[in-house]
4 protein chains.
Amino acid sequence: MAMSGSSASGRAGRPISPDTTAAILAAARSLVVVHGFAAVTTAMIAAEAGASKQALYRRWTTKADLVLEAFLAQAQAEVDDPAAAEAGDDRLLAFLRRTCAALSTSGPALRSLMAAAQEDDAFRRRFHERLILPRRAALRAVLAEERPAASTEALDLAVTALFGAIWYRLLLDEPLDDDLARRLTALVRAGM
Amino acid sequence: MAMSGSSASGRAGRPISPDTTAAILAAARSLVVVHGFAAVTTAMIAAEAGASKQALYRRWTTKADLVLEAFLAQAQAEVDDPAAAEAGDDRLLAFLRRTCAALSTSGPALRSLMAAAQEDDAFRRRFHERLILPRRAALRAVLAEERPAASTEALDLAVTALFGAIWYRLLLDEPLDDDLARRLTALVRAGM
Amino acid sequence: MAMSGSSASGRAGRPISPDTTAAILAAARSLVVVHGFAAVTTAMIAAEAGASKQALYRRWTTKADLVLEAFLAQAQAEVDDPAAAEAGDDRLLAFLRRTCAALSTSGPALRSLMAAAQEDDAFRRRFHERLILPRRAALRAVLAEERPAASTEALDLAVTALFGAIWYRLLLDEPLDDDLARRLTALVRAGM
Amino acid sequence: MAMSGSSASGRAGRPISPDTTAAILAAARSLVVVHGFAAVTTAMIAAEAGASKQALYRRWTTKADLVLEAFLAQAQAEVDDPAAAEAGDDRLLAFLRRTCAALSTSGPALRSLMAAAQEDDAFRRRFHERLILPRRAALRAVLAEERPAASTEALDLAVTALFGAIWYRLLLDEPLDDDLARRLTALVRAGM
DNA sequence: GGATAATCGAGACGGTACGTCTAGTCTTGTC
DNA sequence: GACAAGACTAGACGTACCGTCTCGATTATCC
């Protein structure tokens with residue numbers, strides 16, 4: 001074992017407390033789920049987390065940035081279910097169904113984040129990079145498995161059509177049910 | 001002849017001035033195009049129009065409501081081009097192309113309106129009714145002409161996939177070019 | 001009478017409400033008397049007055065500026081007692097006694113204002129002009145009546161010694177009793 | 001050098017470093033002279049001294065307390081000049097002149113400390129004990145030498161009038177020149 | 001034409017969130 | 001246990017802007 005002293009961080013001073021970070025994220029999550037993004041203030045999050053506002057702004061640049069991270073892990077975990085890799089299943093359909101199901105809880109928060117992304121370029125880039133692109137890659141992988149011969153462009157177009165339709169209905173408060181997932185699957189499969 | 005003046009209204013008092021209405025709409029349009037929705041305040045719109053804030057709120061319930069109307073006519077006119085009904089054309093493709101083209105100017109404003117719809121239920125309903133549904137009906141008509149035998153559900157699904165993909169790319173600041181229009185057209189045609 | 005139209009004010013728009021002004025001043029006065037200057041926040045004053053913080057900042061540039069005005073009228077009235085002009089009295093002694101007596105209530109606030117004047121040049125000038133100079137003029141008048149032959153410099157020096165001593169004891173939390181007033185009177189009279 | 005244990009103190013652990021203490025005091029002095037008390041933060045002092053904030057608060061209870069000590073020695077030394085004890089001089093006048101002269105550099109800091117004393121009782125007591133009382137005793141000694149027969153009350157009153165006038169002018173940003181010192185001397189001598 | 005009523009521009013109003021700032025404390029790892 | 005570094009809580013600050021209300025003036029209909 002090398003590395004005499006000096007842990008990973010290397011930086012001097014009191015390190016950022018993971019407990020505080022976790023408490024803030026949990027507070028943000030629960031408050032936004034209950035009251036909605038716009039009704040939750042940074043002061044409320046800080047109070048609920050037993051933290052100061054400064055602790056928030058030391059970690060994230062803006063309220064939207066914080067809430068994005070608060071919902072990231074959750075959003076991913078609910079869709080990329082490990083148990084979903086069962087052979088023989090219709091993996092594409094299952095993916096879309098889980099996506100729609102996950103949106104019943106985190107949907108309102110994601111709508112607000114998409115809204116925030118419209119007025120703040122810096123946040124839009126983070127939102128794109130940390131939420132949109134990973135989700136897109138996950139769906140692409142499912143599609144690529146199903147259609148090994150499909151071109152890059154064809155896969156991208158299918159992803160755009162599928163997520164586009166889902167976001168469109170989410171943002172317009174129209175139902176995201178299993179039927180939609182089934183029909184979208186059929187449409188895209190036929191179109192590829 | 002009696003009935004000295006008395007136009008249709010019948011109400012006493014000074015009537016709403018159409019000039020003021022037009023000035024407000026024009027001011028809102030130009031300011032939002034230049035600075036973006038969030039950076040424009042109701043006070044700025046009033047000042048630019050030479051009007052008072054009260055004049056705005058006498059006509060519309062919220063800033064979003066006003067900006068919605070400011071962009072409605074423009075949005076429709078640019079897409080539903082009368083000269084577009086030339087026989088023999090690929091009308092679906094032309095419709096999508098004009099839609100994408102129109103979004104290069106009014107796109108930012110529409111993004112902001114979609115954002116506003118996420119935090120305000122009352123506005124979301126107006127937005128749905130006055131912008132989303134008419135556009136949807138227009139696209140549906142084009143599709144129905146092309147596929148007279150298609151079922152209602154099939155048409156709706158195609159509309160959702162097409163507008164969904166376009167909104168998705170618009171909201172994420174990804175390019176809306178002719179190529180996208182062509183590929184989407186192909187995908188949906190194959191999938192119906 | 002001339003004056004075609006246009007009443008006195010001339011300015012358009014809703015005028016500043018004297019009621020709101022009065023409510024803010026009263027709230028500031030009572031809160032500062034009870035809790036002390038430092039413990040009172042602008043938000044507390046606004047809430048107590050049933051006003052918004054913006055209403056405060058529209059009228060005064062800073063918390064100290066507001067509290068200064070809140071204590072001005074009171075400070076003057078308590079000292080420049082109309083009944084004090086009784087002939088035959090020792091007017092100088094009476095003036096100093098009333099000054100000391102008035103400081104038992106408004107003293108803490110004035111100490112805080114003097115403190116605020118140390119860190120804010122703009123406020124120091126206002127404090128000087130609106131509180132210090134008027135008080136100085138009042139004391140000077142009393143002295144001038146007693147010593148009609150005294151030179152300007154002699155009067156100014158006496159005023160400085162008298163108010164200097166009183167402020168010095170006030171700021172250091174030392175008692176301001178009748179005895180002090182009597183002794184100061186004697187010292188200055190002998191010294192002129 | 002050996003000397004395992006420590007010298008006199010007896011306490012275990014690393015002793016407080018006098019170098020750090022001196023560096024902090026010097027940093028506080030120079031920063032406050034340049035930027036003023038309010039504009040200097042504890043973090044700035046620590047950084048300038050190459051110390052940590054904890055090193056400050058290990059030695060003094062508050063920022064004001066630290067700055068008080070930073071200016072104490074200087075303030076005393078400048079006034080209680082050993083060379084001033086020359087016989088035959090007007091010692092009272094010389095004392096007041098040196099006092100006024102010293103305030104041209106340390107005056108702003110002392111004003112801020114007097115201000116801090118208004119909002120913090122604990123500090124006001126320290127300020128009184130460590131700065132005000134010693135100065136008062138020094139002036140009293142000069143007066144007592146001049147007037148051996150004067151009563152305690154008379155001496156105290158003269159001190160109050162002299163320092164009162166000086167502080168009054170200092171706090172109100174009015175000039176503290178030799179002329180003032182001369183006139184005050186005359187006033188008090190005549191009044192005793 | 002005189003009374004009534006609603007509009008007009010201007011701008012103050014209450015309410016409320018934001019992000020910043022600082023004081024003084026606590027927690028690291030090092031010496 | 002002091003040290004430098006820096007995260008921590010607590011909470012005030014001043015700004016911003018929404019949608020409403022008030023003011024005096026104007027412009028219409030109704031009688």
Side-chain angles (χ1 to χ4, degrees), chain A residues 5-7 9-17 20 38-44 46-47 50-59 61-63, chain B residues 3-7 9-17 19-20 38 40-44 46-47 49-58 60-63, chain C residues 5-7 9-17 20 38-44 46-47 49-59 61-63, chain D residues 11-17 20 38 40-44 46-47 49-58 60-64:
Chain A
S6 133
S7 67
S9 80
R11 257 166 49 265
R14 179 174 176 174
I16 291 267
S17 159
T20 299
V40 171
T41 70
T42 52
M44 285 168 65
S52 66
K53 283 172 66 179
Q54 192 62 218
L56 273 63
Y57 286 103
R58 200 176 286 121
R59 292 168 170 79
T61 60
T62 184
K63 175 181 147 189
Chain B
M3 280 209 70
S4 58
S6 148
S7 61
S9 80
R11 253 165 53 263
R14 180 174 178 172
I16 292 263
S17 157
D19 290 359
T20 299
V40 171
T41 68
T42 51
M44 285 168 66
S52 65
K53 284 173 64 180
Q54 191 62 226
L56 273 62
Y57 286 101
R58 206 174 282 125
W60 301 278
T61 61
T62 67
K63 173 183 154 189
Chain C
S6 133
S7 69
S9 81
R11 257 170 45 268
R14 177 172 177 173
I16 291 268
S17 159
T20 299
V40 171
T41 70
T42 52
M44 286 168 65
S52 66
K53 282 172 64 180
Q54 195 59 221
L56 273 64
Y57 286 104
R58 202 176 287 121
R59 291 167 171 78
T61 61
T62 185
K63 176 180 141 187
Chain D
R11 259 171 40 266
R14 180 172 175 177
I16 291 267
S17 156
T20 300
V40 171
T41 69
T42 52
M44 284 168 65
S52 66
K53 284 172 66 179
Q54 191 60 226
L56 274 62
Y57 287 101
R58 230 193 305 280
W60 301 278
T61 60
T62 67
K63 173 183 156 190

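Quick note on labels: first sequence line is chain A, next is B, and so on, each numbered from 1.
The side chain of S17(A) has dC8(F) as its nearest neighbour among dC8(F), dA5(E), dA10(E). For Q54(B), taking side-chain heavy atoms from C-beta onward, the closest of the listed nucleotides dT22(F), dA7(F), dT9(F) is dT22(F).
Phosphate proximity of dC18(E) to T42(A): present, with a side-chain N or O under 4.0 Å from OP1 or OP2. Phosphate proximity of dT20(F) to Y57(B): absent, as no side-chain N or O sits under 4.0 Å from OP1 or OP2. The phosphate of dC8(F) (OP1 or OP2) has a side-chain N or O of R58(A) nearer than 4.0 angstrom. Phosphate contact (OP1/OP2 of dA17(E), side-chain N/O of K63(A), threshold under 4.0 Å): absent. Phosphate contact (OP1/OP2 of dC13(E), side-chain N/O of R59(C), threshold under 4.0 Å): present.
The residue among S52(A) and T61(C) whose nearest nucleotide of DNA chain F lies closer to the 5′ end is S52(A). Mapped onto DNA chain E by nearest heavy atom, T41(A) and G50(C) fall at different nucleotides, with G50(C) at the one closer to the 5' end. Closest-nucleotide positions on DNA chain E for A38(D) and T20(C) were compared, and the one nearer the 5' end corresponds to T20(C). The 5' end of DNA chain F is approached more closely, in terms of each residue's nearest nucleotide, by G13(A) than by the other of G13(A) and V40(C).
A distance of 11.5 Å separates CG in L56(A) from OG1 in T61(A), rounded to the nearest 0.5 Å. Atoms CZ and CD1, on R14(B) and I16(B) in that order, are 10.0 Å from each other to the nearest 0.5 Å. Considering CD of Q54(C) and CZ of R59(C), their distance stands at 10.5 Å, rounded to 0.5 Å.
Side-chain to base pairing of R14(C) with dC21(F): one donor and one acceptor N or O lie within less than 3.5 Å of each other. Put simply, the side chain of K53(B) and the base of dG19(F) share a donor and an acceptor less than 3.5 Å apart.
Taking all atoms of both residues into account, the shortest heavy-atom contact from K53(A) to A46(A) is N-CB, 3.8 Å. Taking both residues in full, the closest heavy atoms of Y57(D) and T62(D) are given as CE2-CA, 4.2 Å, listed atom of the first, atom of the second, then distance.
For M44(B) and dC17(F), the CE to P distance is 8 Å, given to the nearest whole Å. The CG-P distance, from L56(C) to dA12(F), rounds to 15 Å in whole Å.
Across all strands shown, A51(D) has heavy atoms under 4.0 Å from sugar-phosphate atoms exclusively, and none from any base.
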